[in-house]
Amino acid sequence: MTDAPLFTLVEQSIAFKAHQVLSNISLEIRRGETVAIIGVSGCGKSSLLKVLFEQQRQQSAFCPQRPMLVDSLSVYHNIYMGQLQQHHFVYNLINLMRPFAAPKAEIRQISQLLGLESKLFTSIDQLSGGQQQRTAIARALYQQQAIFLGDEPLSSVDPVQASALLTLIKSRHHTVVIALHNKQMALNEFDRIIALGNTGILFDGPAAQLNDELLEVIYQQPDAIINQ
Amino acid sequence: MNASTRTTAARYRNITLVLAIFGLLAFALADIEISHHDPYTALQNILHGLIQPDLSHTEYLLSALANTISFALVGLSIAALMGLLLSHYHRHPMVAHFCAFIRSIHELFWALIFLQMFGLSAITGILAIAIPYSGIFGRVFNDILSRSTMAPKVVFAQSTSKLSAWLYGPLAQCWPVLLRYTRYRFECALRSATVLGFIGLPTLGYYLETAFSQGDYQQAGGLLLLSFGLIASIKWWLKTYLIPVYLIAALCYLPWQTPLQWQYLWRFVSQDIVPQPLRDGDFQLEQLSNWLLEIVSGQILPGIWATLLLSVAALLLTALLALSLWPLASRALVGHGQILGHALLIVLRTTPEFVITFILMLLLGPSMLPAILALALHNGGIIAYLLARTSEQIKLGSDQPSGINLWSYQLQPQLYPSFIAWLFYRFEVILRESAILGMLGVTTLGFYIDSAFEALHFDVALLLILATAAVNMAVNSGSLRLRRSLNIDKLELL
């Protein structure tokens with residue numbers, strides 16, 4: 001089977017915020033890649049992810065930056081939201097009042113992997129920021145999609161946990177694209193890195209080729225374009 | 001020459017000045033005479049009734065209580081469901097206008113209409129509450145749900161059905177706010193159900209009116225205290241998980257016995273409400289226009305004039321009361337004394353304006369004064385309560401002034417935009433209520449409507465109700481436009 005790219009952008013411009021634009025973005029992402037998107041805050045990482053998400057909505061799970069959880073509902077119900085489409089509205093309605101056994105068993109399993117088991121029937125507003133973020137990841141995992149897209153999904157969990165969670169995410173999706181702040185994690189755990197500057201892509205290549213000098217440029221002189 | 005003042009505070013000052021001028025004009029033109037020959041004896045009688053209430057007629061008291069709760073509960077449940085449905089389509093202008101129309105007609109007017117169709121049946125009471133409250137819920141639920149930050153399209157799988165996404169997304173997220181608002185409206189519905197007794201439905205209001213008109217002040221006092229207690233104790237007996245039980249009990253209890261008389265219903269729709277000149281068959285434009293002109297000049301215009309006078313006068317008094325009462329319930333200003341202030345505001349807030357107007361009329365005689373006082377007490381209490389609550393959210397540093405300086409330089413200026421917003425919003429409520437108070441004898445629109453129903457001129461009554469609705473809708477849209485221009489249209493809900 002010839003492997004067509006999952007995501008393709010050809011000289012595309014992406015507008016975000018009021019006036020800022022990422023211009024002439026070209027990239028391809030293929031099945032099996034793990035990609036980290038890095039860059040200073042406000043450089044357009046979230047907007048790029050949204051464009052990618054639109055291209056593969058059917059087989060992508062998206063984990064947004066603000067966790068977008070329903071505060072008054074339990075962890076169980078928030079994770080259950082990942083598979084709303086599997087059931088009839090009436091089933092979903094009853095499940096809201098009395099959780100069914102089958103999804104409860106599945107979700108309990110996922111919550112174990114994320115260390116949320118003891119909080120399964122605690123409402124979101126009583127959880128810490130890290131626990132909330134793990135719930136959002138669990139909801140994305142429960143969608144059981146082929147591709148995982150995440151917008152800083154690990155920013156509120158500690159580094160050791162973050163690494164374990166990332167391994168979990170990678171084991172359940174063949175392709176992973178994540179925007180993140182932690183550059184060390186990007187270098188250590190991802191095959192490929194896309195670095196964004198104020199107006200476009202500064203670097204796109206294997207993590208191994210991204211050395212400290214280049215990183216300094218990315219985080220300090222976001223306007224300089226480095227041609228790979 | 002001095003540089004002209006261009007502060008926002010100056011803008012609010014101008015608005016206040018306009019309000020004061022119109023209010024004083026209204027007071028000058030309104031009939032606020034005390035016509036009762038001996039108000040003090042009447043007051044003594046009523047106070048005596050309140051101090052020594054007679055609650056011995058348990059058999060009808062309990063049934064009146066059960067009827068009041070049942071009408072409110074069933075009517076409001078239907079309204080909440082309809083409101084959810086309407087809120088879903090509220091972005092369509094047709095639906096938004098429909099909601100505005102049905103809520104612009106007061107529940108008592110709806111009740112008068114249904115009375116002709118269904119008689120003194122449970123349906124009359126339920127529909128009278130369910131219809132206007134559906135319109136209210138339709139708009140407010142839409143306001144609440146549209147502020148939801150959930151984006152189901154992002155976090156749910158693509159093929160998720162719209163209904164499921166709505167259920168687990170915006171609805172689940174806003175559920176606590178929706179519940180809180182519905183609870184507040186239940187309090188209003190209890191007041192509405194009580195007042196429905198004044199036109200004959202077997203709720204607390206019916207027995208209240210009977211007791212007062214028979215001069216039995218001890219019984220009346222008992223009923224009055226009972227209706228206060230009923231509303232003040234809601235949070236102890238209305239548990240969310242008990243609602244289904246209450247609802248079934250209410251449906252069983254309500255007086256369904258009155259058989260539906262289809263021929264009355266049909267006669268009302270096909271003949272009674274058709275304008276009289278159109279009924280005979282030989283239609284003449286001149287007759288119709290004369291008929292219309294007579295009603296407009298003889299009833300609608302004087303009715304609107306009186307309604308506006310009453311509302312504007314009541315608005316000024318409401319504003320004064322709210323401004324002077326809220327500091328009593330503010331911790332920063334009166335310390336622990338705020339508990340007493342809060343208690344006072346809760347009593348004012350639970351006061352049903354209609355009932356208080358009725359009592360004040362007995363005391364002061366028929367004029368606009370009782371209506372102005374009752375409207376101002378109730379609405380001033382609500383705004384003061386909201387201001388006191390908002391003032392708690394203002395962060396004060398340790399180097400703040402205290403007492404009068406704190407009030408005049410920090411709290412009052414920061415609260416003023418909210419105050420103006422609530423005042424204009426309450427003006428819509430006051431206007432709606434002013435029309436209704438006509439049924440007690442003030443010559444507002446309600447007076448003419450009530451007279452038309454009594455004379456069995458249903459065509460005239462319906463025209464007058466439509467005119468009332470039109471005035472309400474016009475004032476509402478004007479008030480909303482004004483609030484938008486001041487950027488204070490997003491109200492925190494009670």
Side-chain angles (χ1 to χ4, degrees), chain A residues 46 49-50 52-74 76-97 99 103 123-125 135-147 149-151 153, chain B residues 77 80-85 87-89 140-184 235 238-248 393 492-493:
Chain A
S46 302
L49 268 173
K50 271 184 204 130
L52 295 180
F53 180 52
E54 286 305 320
Q55 290 195 357
Q56 290 292 347
R57 286 207 55 160
Q58 300 234 351
Q59 45 173 334
S60 301
F62 189 86
C63 195
Q65 188 168 19
R66 282 185 310 117
M68 284 200 192
L69 301 165
V70 175
D71 280 352
S72 53
L73 291 184
S74 65
Y76 165 78
H77 281 119
N78 275 283
I79 299 178
Y80 178 84
M81 291 181 201
Q83 281 199 11
L84 284 177
Q85 85 286 7
Q86 304 276 8
H87 306 287
H88 191 265
F89 169 72
V90 178
Y91 184 94
N92 290 336
L93 182 67
I94 296 172
N95 180 65
L96 204 52
M97 294 176 273
S123 63
I124 298 299
D125 49 14
T135 309
I137 294 172
R139 180 183 58 196
L141 289 179
Y142 191 52
Q143 287 192 29
Q144 296 172 359
Q145 300 281 19
I147 303 168
L149 298 173
D151 193 355
Chain B
S77 303
L81 286 178
M82 287 302 295
L84 270 185
L85 190 73
S87 75
H88 207 66
Y89 301 100
V140 175
F141 284 178
N142 173 60
D143 277 1
I144 296 173
L145 288 165
S146 62
R147 285 184 226 170
S148 162
T149 51
M150 275 295 276
K153 280 186 181 162
V154 178
V155 293
F156 299 157
Q158 192 182 21
S159 50
T160 304
S161 77
K162 266 190 183 164
L163 210 52
S164 287
W166 178 72
L167 179 67
Y168 276 75
L171 189 66
Q173 193 189 30
C174 299
W175 188 250
V177 187
L178 294 173
L179 217 55
R180 187 151 28 101
Y181 185 74
T182 309
R183 262 176 180 281
Y184 161 66
K235 66 174 165 194
L238 190 76
K239 304 283 178 199
T240 312
Y241 58 87
L242 283 177
I243 291 177
V245 182
Y246 284 142
L247 208 53
I248 292 168
Q393 289 160 10
E492 190 214 353
L493 297 160

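In what follows, chains are A, B, ... by sequence order, proteins preceding strands, each numbered from 1.
Using a 4.5 Å cut-off between heavy atoms, A/Tyr80 touches chain B through its side chain atoms alone. Both the backbone and the side chain of A/Phe62 come within contact range of chain B, with heavy atoms under 4.5 Å apart. Neither the backbone nor the side chain of A/Leu149 comes within contact range of chain B; no heavy atoms are under 4.5 Å apart.
At distances below 3.5 Å, at least one donor-acceptor pair connects side-chain atoms of B/Thr182 with backbone N or O atoms of B/Leu178. A/Gln59 places no side-chain N or O within donor-acceptor distance of the main-chain N or O of A/Ile147, the cut-off being under 3.5 Å.
The choice from A/Arg57, A/Lys50, A/His77 that makes the most heavy-atom pairs within less than 4.5 Å of chain B is A/Arg57. Most heavy-atom pairs under 4.5 Å with chain A, from the set B/Ala157, B/Ser148, B/Pro170: that is B/Ala157. Counting heavy-atom pairs closer than 4.5 Å to chain B, the top-ranked of the candidates A/Asn78, A/Asp71, A/Asn95, A/Leu73 is A/Asn95.
With values rounded to the nearest 0.5 angstrom, B/Leu171 atom CG is found 9.5 Å from B/Leu163 atom CG.
Side-chain contact between A/Phe89 and B/Lys162 is absent, with no heavy atoms from C-beta onward closer than 4.5 Å.
Taking a 6.0 Å sphere around CD of A/Gln58, one finds it holds 12 or fewer heavy atoms contributed by other residues, nucleotides or ligands.
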